Amino acid sequence: MTLLAVNRVTKRFRGLVAVDNVSLQVDAGAMFAVIGPNGAGKTTLFNLIAGVFPPDTGTISFEGERIDRAAPEHICQLGIARTFQIVRPFAELTVMENAAIGAMLRAPDMDSSYAQAGEILRRLDLWDKRDRKAHGLTLPDRKRLEVARALATRPKLLLLDEVMAGLRPTETDRMVEILRGINREESITILMIEHVMRAVMALATRVHVLHHGATIAEGTPTEVTRDARVIESYLGAEAFA
Amino acid sequence: MIAELFAGVSTRARVLLVLLAVVMLAAPLVLDRYLVSVLILVCLAAYTGQAWNILLGFAGLLSLGHALYLGLAAYISAGLYVHFGIGPWLGVFPAVAVCVAVAALLGWLAFRFRIEGVYFALLTIAFAEVARIGFDHIGFTGGAGGFFLPVRSEDQGQWWNLRSGPTFFYYLALLLAAGAFLLCAVLRRSRLGHRWLAVREDPEAAQALGIHINRARMSALLLSAGMTGIAGVFQAFYANNLFPSQIFDISRSIDLILAPIIGGVGTLFGPILGAFVLAPLGEVLISITGAIGLNAPGTKALVFGLFLMAIIAGVPTGLWPRLASLLRLRSVGR
Ligand SMILES: Nc1ncnc2c1ncn2[C@@H]1O[C@H](COP(=O)(O)OP(=O)(O)OP(=O)(O)O)[C@@H](O)[C@H]1O
Ligand SMILES: [Mg+2]
């Protein structure tokens, strides 16, 4: 079953075509990765899905319903949560409060928001830091907090924008394990932008490759990494990180 | 619900809070008329400080024109009393309603056209200035010459018309200050309060978590304006005279925000502590400058300003966070 359908979407910034006629379908339960070199338009694609701005042309549907003109808060309410590549924690609030604000979207009251937030912080290894203000966290912890906060809204689809960036290999492996758990146990579909190929290969059921805003390949991780154009434009340069 | 509020508050803090309540309740029994009048100023500043703090401290919107709501409500309730014999307990409703309506207009303009940050502050100033100039020309409420509430000895003791002595006004002000404090404490823990904090910290991130930015901001603005309006009604019947050049003036707007700034923006106790520091300081300055014959206009404002600069330079987050950690009152968890 298709959960998210992006259909021939284009987005221009002044002269620049950031996303160029891109189509993709994310099946329910999938771990879908979007890869591509810097400036390929990956984050712009996420912003389009999350409703930050509408596409110039093309449509986006979630569970069969058009969302390409919906506001970000509405899209979150429908069940799509996103993290920000450049993390945006609520700096002056505690880690716990950050997660509880995510959880209150669906929790009946604040007590249960905090209870749910606590569970999610445990899951993301942030429980011990729950009373710290978010601005005091290290970058890896802030990345985890981004995931925790988005997850707390109990999404059907989780958009992760480079949550592995800046993590050490052991931390990456741990995050891979956490995401796999979220996908399998909570049956949350994951659409992730990822440069860390080690994580992509470990997690993704399907990979979509963007270059200069346009799609150059899509397939299973093994198919994509054998694709001549992908090797030339992306993997050749970045190697297997 | 009150008991719930104290969950997670340290015993030390509870004891101090009860102590403060007892002292404040007993104060008029031991203090003279003058000191009671100073305490009225303290309570009023604490109350308006909480109202303003909801907007900046919780929702992250800087208003430099809150005198607008003070003045509007003061004039409306006074006008209704003087011209139609409608007492303040009834007059407070239309007065607050008008404040909320004007705030809604301001909010609509600001949020619709994305007027943010400094520009939002400028818009609040503009609204207050329009009211100040407008009321200069409204003959019905005395225009620039001022509007006066009759102070007749035969009315004395009519508490239902707020024609009472200082002790009555004191307890009323105390009630307002305590009520605003409790309300803010409840809000800080509520869903709405969390929405405000999220929008204050990062509107875009809040929106991505399903929070409607403008609804959150609007609710804070309306509540803050309405609460400030109640203080305006108090002000009208306490002072018995209103001048557009005073009550709508930018300096009045600044007065309203000093207590939370000195005490700590975004904290529950900041406005209270700030009020306790500032109102007496103002009185002390008046008497000192008077005693040494320094009556040059602006002396008080100058010393006040220097004091403010010293505090902001020394403790930029306000006195309360510093004091709370000194007294080890920080509560854990939420
Ligand atoms: N809001 C914006 N306004 C103008 N240009 C933008 C905006 N957002 C992105 N761009 C431009 O669009 C192009 C695609 O950017 P985008 O952030 O989507 O790339 P990306 O694939 O996420 O890259 P990275 O791997 O570096 O995160 C870039 O050239 C970028 O400068
Ligand atoms: Mg990006």
Side-chain angles (χ1 to χ4, degrees), chain A residues 46-47 49-52 71-84 86-115 117-118 130-135 145-146 148-155 159 161, chain B residues 1 3-5 7-10 53 56-60 111-112 114 185-219 264-268 270 316-318 320-321 324-325 330-334:
Chain A
F46 262 30
N47 283 336
I49 298 168
V52 175
E73 66 271 14
H74 185 217
I75 288 174
C76 180
Q77 284 154 15
L78 289 176
I80 302 180
R82 62 95 50 98
T83 67
F84 292 94
I86 298 162
V87 293
R88 312 184 75 129
F90 301 131
E92 287 299 321
L93 306 183
T94 64
V95 168
M96 188 65 149
E97 284 170 328
N98 268 269
I101 286 170
M104 73 185 186
L105 179 70
R106 293 190 216 284
D109 54 46
M110 286 319 291
D111 282 342
S112 41
S113 301
Y114 274 90
R130 64 190 178 281
D131 289 331
R132 288 211 205 150
K133 286 198 175 171
H135 68 66
L145 183 57
E146 280 287 322
R149 211 170 51 175
L151 197 58
T153 65
R154 294 167 162 250
L159 308 181
D161 196 345
Chain B
M1 194 165 73
E4 213 169 274
L5 273 183
V9 176
S10 70
N53 194 35
L56 182 69
F58 288 178
F111 307 147
R112 169 78 179 69
R114 297 183 188 214
V186 171
L187 285 169
R188 176 64 180 75
R189 282 154 183 268
S190 72
R191 192 181 295 258
L192 184 58
H194 283 77
R195 284 194 192 122
W196 289 338
L197 294 175
V199 169
R200 176 192 79 185
E201 290 294 308
D202 190 328
E204 218 176 298
Q207 198 178 22
L209 297 174
I211 296 169
H212 197 293
I213 301 174
N214 289 349
R215 261 183 231 155
R217 285 180 170 162
M218 187 62 106
S219 59
V265 173
T267 65
L268 289 174
T317 54
W320 174 250
S325 60
R330 281 260 157 270
S331 61
V332 286
R334 49 193 280 215

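Proteins come first, then strands; the chains are lettered A, B, ... in the order of their sequence lines, and each starts at number 1. The structure displayed is predicted, hence computed values, not measured ones.
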Heavy-atom closest pair, residues A:Thr153 and A:Arg106: O-NE, 2.8 Å
Are A:Arg149 and A:Phe90 in a cation-pi setup, meaning NZ or CZ lies under 6.0 angstrom from the ring centre and within 45 degrees of the ring axis? yes
Just give me the residue among A:His74, A:Met104, A:Met96 that pairs up with chain B most often, heavy atom to heavy atom, under 4.5 Å. A:Met104
Side chain from CB out, backbone as N, CA, C, O: work out which of these in A:Ala50 comes under 4.5 Å of a heavy atom of chain B, or both, or neither. neither
Check this for me, if you would: do B:Arg189 and A:Glu97 make a salt bridge, where the nitrogen-to-carboxylate-oxygen distance has to be below 4.0 angstrom? no
Scored by heavy-atom pairs under 4.5 Å with chain A, the best of B:Ile213, B:Leu209, B:Ile211 is B:Leu209
Quick one: of A:Ala81, A:Pro89, A:Pro72, who has the most non-hydrogen atom pairs under 4.5 Å with chain B? A:Pro72
Pick one of side chain, backbone, both or neither for A:Ala152, based on which atoms fall under 4.5 Å of a heavy atom in chain B. neither
Pair A:Val52-A:Arg82, side chain to side chain contact (heavy atoms under 4.5 Å, CB included): steps then yes or no: CA-CA 11 Å; A:Val52 175; A:Arg82 62 95 50 98; 3.6 Å; yes
Can you tell which part of B:Arg195 gets under 4.5 Å to a heavy atom of chain A, answering side chain, backbone, both or neither? both
If we only count heavy atoms from C-beta on, is the A:Arg132 to A:Thr94 side-chain gap below 4.5 Å? no
